[in-house]
There are 2 protein chains.
Amino acid sequence: MKVTSYQKYRKILVAVDCIIFGFDGSQVQALLIKRRFEPEKGKWSLMGGFVGEKENAEEAATRVLRQLTGIKNIYMEQLATFSDVNRDSAGRVISIAYFALINIEDYDHKLQREHEAKWFLLSRLPPLIFDHKEMVMKAKERLREKVVAHPVGFELLPAKFTLPQLQSLYEAIYNAPLDKRNFTKKILSLGVLKKLDEKERQSSRKGAFLYVFDSRKDQKMQADGVKFI
Amino acid sequence: MKVTSYQKYRKILVAVDCIIFGFDGSQVQALLIKRRFEPEKGKWSLMGGFVGEKENAEEAATRVLRQLTGIKNIYMEQLATFSDVNRDSAGRVISIAYFALINIEDYDHKLQREHEAKWFLLSRLPPLIFDHKEMVMKAKERLREKVVAHPVGFELLPAKFTLPQLQSLYEAIYNAPLDKRNFTKKILSLGVLKKLDEKERQSSRKGAFLYVFDSRKDQKMQADGVKFI
DNA sequence: TCAAAAGTGTTCTAGATACACCCATGT
DNA sequence: ACATGGGTGTATCTAGAACACTTTTGA
């Protein structure tokens with residue numbers, strides 16, 4: 001039985017916008033699309049959508065992410081809600097922003113073409129519509145904070161990766177160089193990596209050993225509250 | 001000129017809810033009210049309200065906080081948005097939760113009576129309506145994270161406070177005892193406290209020196225990224 | 001004079017930092 | 001043979017943790 005005490009209040013359009021980060025081996029990038037409808041049609045924008053009647057914001061964001069990337073199990077978390085009265089030039093819309101981390105390799109390139117999507121270096125973002133730039137900046141900040149205490153960085157890498165790749169990722173996130181020996185020592189001491197008997201040989205003659213993330217060990221560590229890098 | 005491309009989407013009621021933390025000298029508490037309208041009238045609830053046409057969520061939360069506490073400059077930040085389809089039994093409402101820290105002394109007791117508000121120990125919360133319990137738990141977690149790197153704890157204390165009071169606050173937030181000597185050493189080494197020539201004598205015969213928070217020093221420290229406790 | 005809380009220093013330990021050379025391989 | 005990136009160990013420094021006694025004063 002519905003009660004009616006809320007009837008006098010004005011409803012508002014509710015959207016989600018997704019900040020999608022990827023890592024190309026040396027830089028962190030964000031995935032943007034060319035907006036296909038008015039207002040601001042043709043401008044660069046985050047991928048977004050409206051929250052439907054029968055879904056919560058997380059479901060809406062998951063749907064939007066799958067539409068764009070084709071990936072089902074994506075690392076995603078709520079960032080913040082943006083609600084300024086005039087943030088959208090076409091009317092009152094609040095937007096719940098989510099940030100997501102994906103492995104660029106998993107990304108479906110057909111979908112990329114379909115959506116006119118493009119990866120941009122965080123340091124070279126094009127002008128974005130509305131408050132989307134602010135969203136990206138906030139997401140970048142959150143990623144940095146997050147990475148200190150949680151192993152989210154691995155989401156950005158392929159399943160098998162080398163220590164130099166992992167180090168580059170952390171250097172890109174912190175925007176600062178790290179000492180190779182100290183990095184190796186610390187990351188291995190966490191005990192969440194499993195060394196494979198296999199080498200990656202694209203990037204050097206000697207080749208670098210591949211590792212995989214061992215999520216069982218990670219769970220134990222999360223419980224103990226260990227810090228990453 | 002308004003464009004109309006959003007017309008086909010369904011609008012949603014948007015509310016804010018405020019988790020208000022206070023500190024009574026030994027325990028962290030949350031301020032709750034008895035809900036005065038249906039549904040769930042008479043049950044314990046967070047203080048909330050709807051986001052109006054001409055305000056953003058932060059303005060709405062500030063308004064709600066002032067209504068309840070009478071305090072104007074309140075420490076507040078956005079926590080998260082809760083959007084489950086059936087979270088409110090009276091219809092689809094999403095809620096943007098804010099958490100706020102106040103000094104219990106600043107609190108206007110007339111308003112407290114007016115709203116049938118009451119402080120509850122975090123360890124002894126009554127049953128709460130909807131998803132408000134989840135909101136409080138998330139806020140508690142955020143407070144703990146926050147306090148590590150930012151001097152937000154001071155918001156919970158009166159302007160003049162003693163080191164033992166400050167220590168009790170941190171012990172309450174961490175829910176763990178701290179060593180008095182290590183605590184004193186560290187907090188003073190931060191250089192954000194100014195010792196007064198005045199003693200507080202309620203809680204001991206010897207009396208404890210009062211301190212004030214020196215925000216100029218704090219700003220410098222924030223820039224340098226120092227950690228609290 | 002004693003009960004109750006405030007105040008105060010030193011030692012030990014673990015984690016972070018700084019730092020330089022050899023290795024494996026393709027060309 | 002050499003250029004390129006991969007891999008490895010040690011010494012130092014710093015921050016955090018552990019730990020106990022003296023001081024003040026009102027009752």
Side-chain angles (χ1 to χ4, degrees), chain A residues 24-27 144 147-149 157-158 160-212 221 224-229, chain B residues 24-27 144 147-149 157-158 160-212 221 224-229:
Chain A
D24 67 1
S26 76
Q27 299 264 264
R144 217 192 304 272
V147 127
V148 175
L157 291 169
K160 297 178 183 181
F161 51 86
T162 66
L163 290 184
Q165 282 168 356
L166 186 59
Q167 182 174 343
S168 299
L169 170 58
Y170 277 89
E171 289 177 330
I173 292 173
Y174 288 126
N175 199 28
L178 298 172
D179 180 83
K180 190 171 36 164
R181 282 164 296 185
N182 293 337
F183 180 84
T184 306
K185 206 189 315 170
K186 173 136 190 204
I187 205 84
L188 290 180
S189 77
L190 295 174
V192 294
L193 297 188
K194 208 162 70 188
K195 189 174 185 173
L196 303 179
D197 247 356
E198 214 179 324
K199 280 192 165 185
E200 185 279 333
R201 297 189 177 276
Q202 317 296 65
S203 59
S204 77
R205 313 200 193 269
K206 184 177 178 181
F209 278 102
L210 287 163
Y211 288 78
V212 292
M221 202 190 53
D224 304 346
V226 182
K227 278 186 192 171
F228 274 71
I229 308 304
Chain B
D24 67 2
S26 75
Q27 299 263 266
R144 216 192 304 273
V147 127
V148 175
L157 291 170
K160 296 178 183 180
F161 51 85
T162 66
L163 290 184
Q165 282 169 355
L166 186 59
Q167 183 175 341
S168 299
L169 170 58
Y170 277 90
E171 289 177 331
I173 292 173
Y174 287 125
N175 197 30
L178 298 172
D179 180 83
K180 192 169 36 162
R181 284 165 293 187
N182 293 337
F183 181 83
T184 306
K185 206 188 316 169
K186 173 134 190 206
I187 205 85
L188 291 180
S189 77
L190 295 175
V192 294
L193 296 188
K194 207 161 69 189
K195 189 176 186 173
L196 303 178
D197 246 355
E198 213 179 324
K199 279 193 165 184
E200 185 279 332
R201 296 189 178 276
Q202 317 296 64
S203 60
S204 78
R205 313 205 193 270
K206 186 176 179 181
F209 278 102
L210 288 163
Y211 288 77
V212 291
M221 202 191 52
D224 304 347
V226 182
K227 278 186 192 170
F228 274 70
I229 308 304

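Just so it is clear: chains get the letters A, B, ... in the order the sequence lines come, proteins before strands, and each one is counted from 1. When reading the values below, keep in mind they use all heavy atoms of this one structure, side chains included, and skip hydrogens, waters and symmetry mates.
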| query | In whole angstrom, what separates B/Leu188's CG from C/dG7's P? | reply | 10 Å
| field | Interatomic spacing from CD in B/Gln165 to CG in B/Leu210 - rounded to 0.5 Å | value | 7.5 Å
| Separation of atom CG in B/Asn182 from atom C1' in C/dG9, rounded to whole Å | 11 Å
| task | To the nearest Å, give me how far apart CD (A/Glu200) and P (C/dG26) are. | result | 13 Å
| task | Ignoring hydrogens and angles, tell me if any N or O in the side chain of B/Glu171 forms a donor-acceptor pair with the backbone of B/Leu178 under 3.5 Å. | result | yes
| remark: When rounded to whole Å, the CD to P distance for the pair A/Glu198 and C/dA24 reads 19 Å
| Between CG of B/Asn175 and OH of B/Tyr170, what distance do you get to the nearest 0.5 Å? | 16.0 Å
| field | Residue B/Arg181, side-chain atoms from C-beta onward, closest of C/dA5, D/dC19, D/dG7 | value | D/dC19
| Is the number of heavy atoms from other residues, nucleotides or ligands within 6.0 Å of NZ (A/Lys160) greater than 12? | no
| Counting side-chain heavy atoms from C-beta on, which of D/dA18, C/dG7, D/dA27 comes nearest to B/Ala208? | C/dG7
| query | From B/Thr162 OG1 over to B/Gln202 CD, what is the distance, rounded to the nearest 0.5 angstrom? | reply | 10.5 Å
| query | B/Leu210 has an atom CG; how far is it from atom C1' of C/dG7, in whole Å? | reply | 15 Å
| field | Atom-pair distance (CD1 on A/Ile187; C1' on C/dA16), nearest Å | value | 15 Å
| field | Gap between atoms NZ and P, on B/Lys199 and D/dT24 respectively (whole Å) | value | 8 Å
| field | Pair of N/O donor and acceptor under 3.5 Å linking C/dT17 base with A/Lys185 side chain | value | yes
| request: Tell me what A/Ser203 touches on the nucleic acid: a base, only sugar-phosphate, or nothing, going by heavy atoms under 4.0 Å. | output: sugar-phosphate
| message | By the 4.0 Å heavy-atom rule, please label B/Lys186 as base, sugar-phosphate, or nothing. | response | sugar-phosphate
| query | When the nearest nucleotide of DNA chain D is assigned to A/Arg205 and to A/Lys180 on a heavy-atom basis, which residue is associated with the more 5' position? | reply | A/Arg205
| Distance-only donor-acceptor test, B/Lys206 side-chain atoms vs D/dT23 base atoms, 3.5 Å | yes
| message | From C-beta outward on B/Asp179, which listed nucleotide comes closest to its side chain: C/dA5, C/dT8, D/dC19? | response | D/dC19
| field | Nucleotide C/dG7, atom C1' - distance to CG of B/Leu193 in whole Å | value | 15 Å
